[in-house]
> 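First the structure, which I've put down as structure tokens, then a few questions once you've had a look.
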Amino acid sequence: MSILQAQGLSKKFGGLDAVSELSFAVEAKEIFAIIGPNGAGKTTTLNMISGLIKPSAGKLKLNGQEISIKDSAERCHLGLGRAFQVVQPFPEMTVEENVLVGALFGKSGVSEATGRKLAQEVLKQTGLLALKDTPAEELTLLQEKRLEIARALATQPKVLLLDEVMAGLRPGEARQAVELVKNIRNKGVTIVFIEHVMPVVRDLADRVMVMDYGKKLAEGSYQQVTNNPQVIEAYLGAEE
Ligand SMILES: Nc1ncnc2c1ncn2[C@@H]1O[C@H](COP(=O)(O)OP(=O)(O)O)[C@@H](O)[C@H]1O
Ligand SMILES: [Mg+2]
């Protein structure tokens with residue numbers, strides 16, 4: 001059974017079909033990429049999965065359980081973790097405090113002691129342990145991105161949603177971030193990510209879904225989708 005299933009997912013903003021009749025399934029422990037031109041509906045799709053916005057139509061299942069009518073806090077409790085395109089930590093809180101917030105509010109019934117232990121593990125995993133007492137506002141962009149991922153991980157997700165976490169990183173930094181994401185998957189977390197940086201997609205994705213005008217244009221391996229003439233015309237060709 002797929003861990004995440006979308007069936008006929010649609011979102012209208014006024015007269016605009018931002019996402020229309022989108023269906024896809026993500027397998028457990030898969031790294032699933034969503035790519036496509038600006039305005040294709042990628043972020044809207046992720047927002048509907050996390051519960052940030054309500055679909056106009058369609059169904060979503062997590063581990064076979066219908067989650068379409070659950071709010072984002074409930075979805076988080078059920079195992080959907082989210083890191084945002086625009087990093088949004090609490091600026092005056094330390095790195096550790098920011099991660100602790102994720103640990104305590106992600107799952108119900110996490111005691112402070114357990115939360116601190118979990119935060120410690122996540123800080124180690126994301127390479128932030130040495131910075132744990134640094135206020136979030138003093139971090140570099142790469143460190144901020146690590147923190148954003150750490151906060152999502154601290155909620156103990158089964159499925160981690162990442163929206164362009166590589167944006168703005170230098171190539172060397174992006175390679176480090178790729179390693180971090182691979183590590184997270186190797187610990188058993190399913191990853192759904194939106195990405196514009198194609199070498200990152202190539203290195204990470206088990207499967208790629210290409211969106212255009214709110215619809216699925218293609219789906220398959222990196223090789224398959226990047227050789228698809230429609231994808232080249234709609235997305236890859238336009239990049240040059
Ligand atoms: N809150 C909103 N209100 C109105 N239109 C929106 C809103 N969010 C996104 N859109 C529009 O929906 C379309 C898809 O946007 P988005 O999902 O952000 O695309 P992507 O992430 O692929 O660049 C775009 O045309 C965008 O302008
Ligand atoms: Mg977007």
Side-chain angles (χ1 to χ4, degrees), residues 4-26 31-60 67-69 71-73 75 80-89 141-142 144-145 147-149 151-152 157 159-169 173-174 177-178 181 190-202 204-205 207-220 222 225-226 228 230-240:
L4 184 70
Q5 287 170 279
Q7 191 83 54
L9 208 55
S10 305
K11 181 67 190 180
K12 277 185 192 294
F13 290 115
L16 174 78
D17 288 310
V19 175
S20 61
E21 307 254 326
L22 184 67
S23 299
F24 62 92
V26 181
I31 303 187
F32 186 82
I34 305 177
I35 68 171
N38 272 327
K42 305 179 298 295
T43 297
T44 302
T45 299
L46 227 57
N47 286 343
M48 289 192 280
I49 297 172
S50 69
L52 200 65
I53 61 173
K54 202 170 165 286
S56 311
K59 282 195 186 330
L60 273 168
I67 57 164
S68 317
I69 51 159
D71 66 24
S72 51
R75 291 184 202 196
L80 272 175
R82 170 79 190 266
F84 286 90
Q85 181 172 2
V86 179
V87 181
Q88 37 192 223
L141 183 65
L142 175 64
E144 271 186 4
K145 303 244 171 186
L147 176 56
E148 187 61 25
I149 293 173
R151 294 200 315 153
V159 179
L160 180 62
L161 309 172
L162 303 172
D163 193 349
E164 293 196 43
V165 290
M166 311 291 174
L169 295 184
E173 295 175 329
V178 163
V181 174
T190 306
I191 313 266
V192 178
F193 75 112
I194 297 175
E195 191 51 68
H196 270 300
V197 183
M198 290 305 281
V200 169
V201 177
R202 183 196 61 214
L204 270 181
R207 212 144 51 86
V208 181
M209 173 169 76
V210 187
M211 290 185 69
D212 193 27
Y213 295 108
K215 292 193 159 72
K216 189 198 288 186
L217 185 63
E219 189 178 63
Y222 178 86
V225 301
T226 53
N228 180 317
Q230 280 179 294
V231 175
I232 294 168
E233 188 180 342
Y235 182 48
L236 301 171
E239 296 265 294
E240 283 158 18

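Please read these numbers as outputs of a predicted model, since none were measured by experiment. For ligands, and for the atoms within them, numbers begin at 1 and follow the listed sequence.
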> Taking only residues two or more places apart in sequence or in another chain, which ones pass salt bridge (charged side-chain N to carboxylate O under 4.0 Å, His left out) with Lys216?
Glu219
> So which of Ile194, Val181, Val192 actually passes side chain to side chain contact (heavy atoms under 4.5 Å, CB included) with Leu162?
Val181
> At what distance, to the nearest 0.5 angstrom, does CG of Asp163 lie from OG1 of Thr45?
10.0 Å
> Please identify each residue that fulfils ring-ring contact (aromatic ring centres under 6.0 Å, His included) with Phe24, with sequence neighbours left out.
Phe32
> Between Met211, Met48, Glu164, Lys42, flag the one that comes closest to atom 22 (O) of ligand 1 by a heavy atom.
Lys42
> Is it the case that ligand 1 has an N or O less than 3.5 angstrom from some N or O of Ala40?
yes
> Using a strict cut-off of 4.0 Å, indicate which atoms of ligand 1 neighbour a heavy atom of Ala18.
12 (O), 13 (C)
> Please answer whether the main-chain N or O of Ser20 pairs with a side-chain N or O of Lys12 as donor and acceptor at a distance below 3.5 Å.
no
> Any N/O/S atom from Thr44 (main chain or side chain) under 2.8 Å of the Mg ion (ligand 2)?
no
> Taking atom OH as the centre, does Tyr213 end up with more than 12 heavy-atom neighbours from other residues, nucleotides or ligands that are less than 6.0 angstrom away?
no
> Which is closest to atom 25 (O) of ligand 1 in terms of heavy atoms, Leu16, Ile35, Ile53?
Leu16
> For ligand 1, which is the ligand I care about here, please tell me if Gly41 has any N or O atom under 3.5 Å from one of the ligand's N or O atoms.
yes
> For the 3.5 Å polar cut-off, considering only N or O atoms, please tell me whether Thr45 and ligand 1 meet it.
no
> N/O to N/O below 3.5 Å, does that happen between Gly39 and ligand 1?
yes
> Give a yes or no on whether the backbone of Val197 and the side-chain of Arg202 come within a donor-acceptor separation of less than 3.5 Å.
no
> Counting heavy atoms only, name the option from Thr44, Leu46, Thr43 that's nearest to atom 21 (O) of ligand 1.
Thr43
